[in-house]
Amino acid sequence: MRTQVGIIGAGPAGLLLSQLLHLKGIDSVVLERQSRAYVLSRIRAGVLEQGTVDLLKTAQVGERLDREALLHGGIELAFNGKRRHIDMKGLTGGSVVTVYGQTEVTKDLMDARNALGGQLVYEAEDVTPHDFDGDKPRLTYRKDGIEHEVFCDYIAGCDGFHGISRRSVPQTALKTFERAYPFGWFGLLCETPPVHDELIYNNHERGFALCTMRSPTRSRYYIQCATDENVDDWSDDRFWDELRSRLPGDIAERLVTGPSIEKSIAPLRSFVAEPMRFGRMFLAGDAAHIVPPTGAKGLNLAASDIYFLSRALTAVFETGSNDLIDSYSAQCLRRIWKAQRFSWWMTSLLHRFPESSPYEQRLQQAELDYVTSSPAAATALAENYVGLPYE
Ligand code: RFL
Ligand code: PHB
């Protein structure tokens, strides 16, 4: 098989790239290890920056989003039993975020790719990138016991943190930066109305908790948990009791519980791999970087990488100019490191760290008080939360 861009991974990054390239007349093949149903069963992000929404519209997948998504102009921070509102819209001159699940984004992209005859191969085993340091890269994989080969001009590694593309690069060519946090997030999805019309980020002595949502009838809650916690040890009732104990009294009273649709635990990690280009292979999204979810930045960074990569590849194919592929890595990394900083800061502000001293806990309280009472500090939070500009 021959294509222009061979894409590894059918998560939001890979699908969005494939769709944007198609709309520019550039051909691609997407190879995904899992089944379509499995990809759609993963419950992840919920908050989209305006830049992400604009890019999805450019990709012609904004129709259902326009109909169903919720616009949020603020968030709440709760601590010491009090709730404080951060007026993101007011503080940023009108910017809002969009609440629309990653599952829905992925489904819309899959449907759009299928409608346009996109080549998506699910359950592709042993996908391997080859010869990307030369000018004839190729991908190999196995499907239903048969070996396949895809010849291409460029490879996009959009295969997430545990993917093969980053691991195929000689370790000497790669510099990695990492921080693992001593806790995870336990998430529960439920068909009940959200407890509040805005997201509530809760700092509590028993640990962080987040009240978020997918729609007016579907809510999503997270609680900070130990890294070795096991989902099977948590009945729904145990989860609801623990969540309620971490929420301000009036919110806890209003919480509507119900049977869980999904429960999962995710470890929290910060990670960056530099650079993001190796000859004719580019890394994008979680394949190159991970942020803890507290700043809601992971999916949004995957989208901004794809903005830069689709533009760079389009320039090469349309004009033969290498300028944008040459600057791809540096351009992405500037924005990535700012999102790394913000995600680390939000995580530090809101979680209970097992090793933190009474002095550090007082500092955290002072920071919460400052960020919710100083317009300058609140503006810094707001402008990062709604998303920094692409350029
Ligand atoms: P994905 O979504 O991991 O997709 C990668 C795809 O590659 C496939 N794959 C392979 N395919 C072929 N061969 C191989 N060897 C392969 N190895 C892997 C995988 O099966 C998969 O289908 O990466 P992508 O596209 O870069 O997208 C990144 C986002 O998924 C991620 O950053 C976000 O989910 C992070 N995130 C959030 N981001 C936000 O912007 N806003 C949020 O509110 C938000 N909340 C979250 C989150 C992540 C969370 N977890 C579970 C870590 C909340 C949570 C709890
Ligand atoms: C979500 O809705 O899943 C969500 C929202 C905000 C975050 C993380 C996750 O910071």
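If you're wondering where the values come from, they're calculated on a predicted model, not measured in any experiment. Just follow the structure's listing: the first ligand is 1, and inside any ligand the first atom is 1. Along the sequence shown, the residues carry numbers beginning at 1.
- Of the heavy atoms in Phe161, none comes closer than 4.0 Å to ligand 1.
- Remark: the backbone N or O of Val127 is not paired with any side-chain donor or acceptor of Arg33 at under 3.5 angstrom.
- Counting the atoms of ligand 1 from 1 in the order shown, those under 4.0 Å from a heavy atom of Gln102 are 2 (O), 29 (C), 30 (O), 33 (C), 34 (O).
- Shown in contact with Ile8 at under 4.0 Å from a heavy atom are these atoms of ligand 1, numbered in order with element: 12 (C), 13 (N).
- In the hydrophobic clustering, where aliphatic and aromatic side chains (Ile, Leu, Val, Met, Phe, Trp, Tyr) are joined below 4.5 Å either directly or transitively, Val256 stands alone.
- Checked by atom type and distance alone, the side chain of Asp87 never pairs as donor or acceptor with a backbone atom of His85 at under 3.5 Å.
- Contact annotation: for Ala266 versus ligand 1, heavy atoms closer than 4.0 Å belong to the side chain alone.
- Contact annotation for Arg42 and ligand 1: only side-chain heavy atoms (C-beta onward) come within less than 4.0 Å of the ligand.
- Ligand 1 has a nitrogen or oxygen under 3.5 angstrom from a nitrogen or oxygen of Ala296.
- Crowding of Lys89 atom NZ: a count of heavy atoms from other residues, nucleotides or ligands under 6.0 Å not exceeding 12.
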What side-chain donor-acceptor pairs closer than 3.5 Å can you find for residues 23-30, not counting sequence neighbours?
from, atom 1, to, atom 2, distance (Å)
Asp27, OD2, Thr3, OG1, 3.0
Ser28, OG, Ser18, OG, 3.1

Mind listing the N or O contacts between ligand 2 and protein, cut-off under 3.5 Å?
from, atom 1, to, atom 2, distance (Å)
ligand 2, 2 (O), Thr212, OG1, 2.8
ligand 2, 2 (O), Arg214, NH1, 2.8
ligand 2, 3 (O), Arg44, O, 3.4
ligand 2, 3 (O), Arg214, NH2, 2.8
ligand 2, 3 (O), Tyr222, OH, 2.7
ligand 2, 10 (O), Tyr201, OH, 2.8
ligand 2, 10 (O), Pro293, O, 2.8
ligand 2, 10 (O), Thr294, O, 3.4

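- Side chains of Arg220 and Tyr222: a donor-acceptor N/O pair is present below 3.5 angstrom, by distance only.
- For residues 162-172, every residue pair satisfying the side chain to side chain donor-acceptor pair (under 3.5 Å) rule, not counting sequence neighbours, is listed here: Asp159-Ser165.
- Under 4.0 Å is where a charged nitrogen must lie from a carboxylate oxygen, and between Lys57 and Asp54 no such pair does.
- Other residues, nucleotides and ligands contribute only 12 or fewer heavy atoms inside 6.0 Å of the CH2 atom of Trp344.
- Remark: ligand 1 atoms within the under-4.0 Å shell around heavy atoms of Ile164 are 15 (N).
- Contacts of Val127 with ligand 1, taken as heavy-atom pairs under 4.0 Å, involve the side chain alone.
- With a 4.0 Å heavy-atom cut-off, ligand 1 is reached by the backbone of Pro12 and by its side chain too.
- Neither the backbone nor the side chain of Ser264 has a heavy atom within less than 4.0 Å of ligand 1.
- Only the backbone of Leu31 comes within contact range of ligand 1, with a heavy atom under 4.0 Å; no side-chain atom does.
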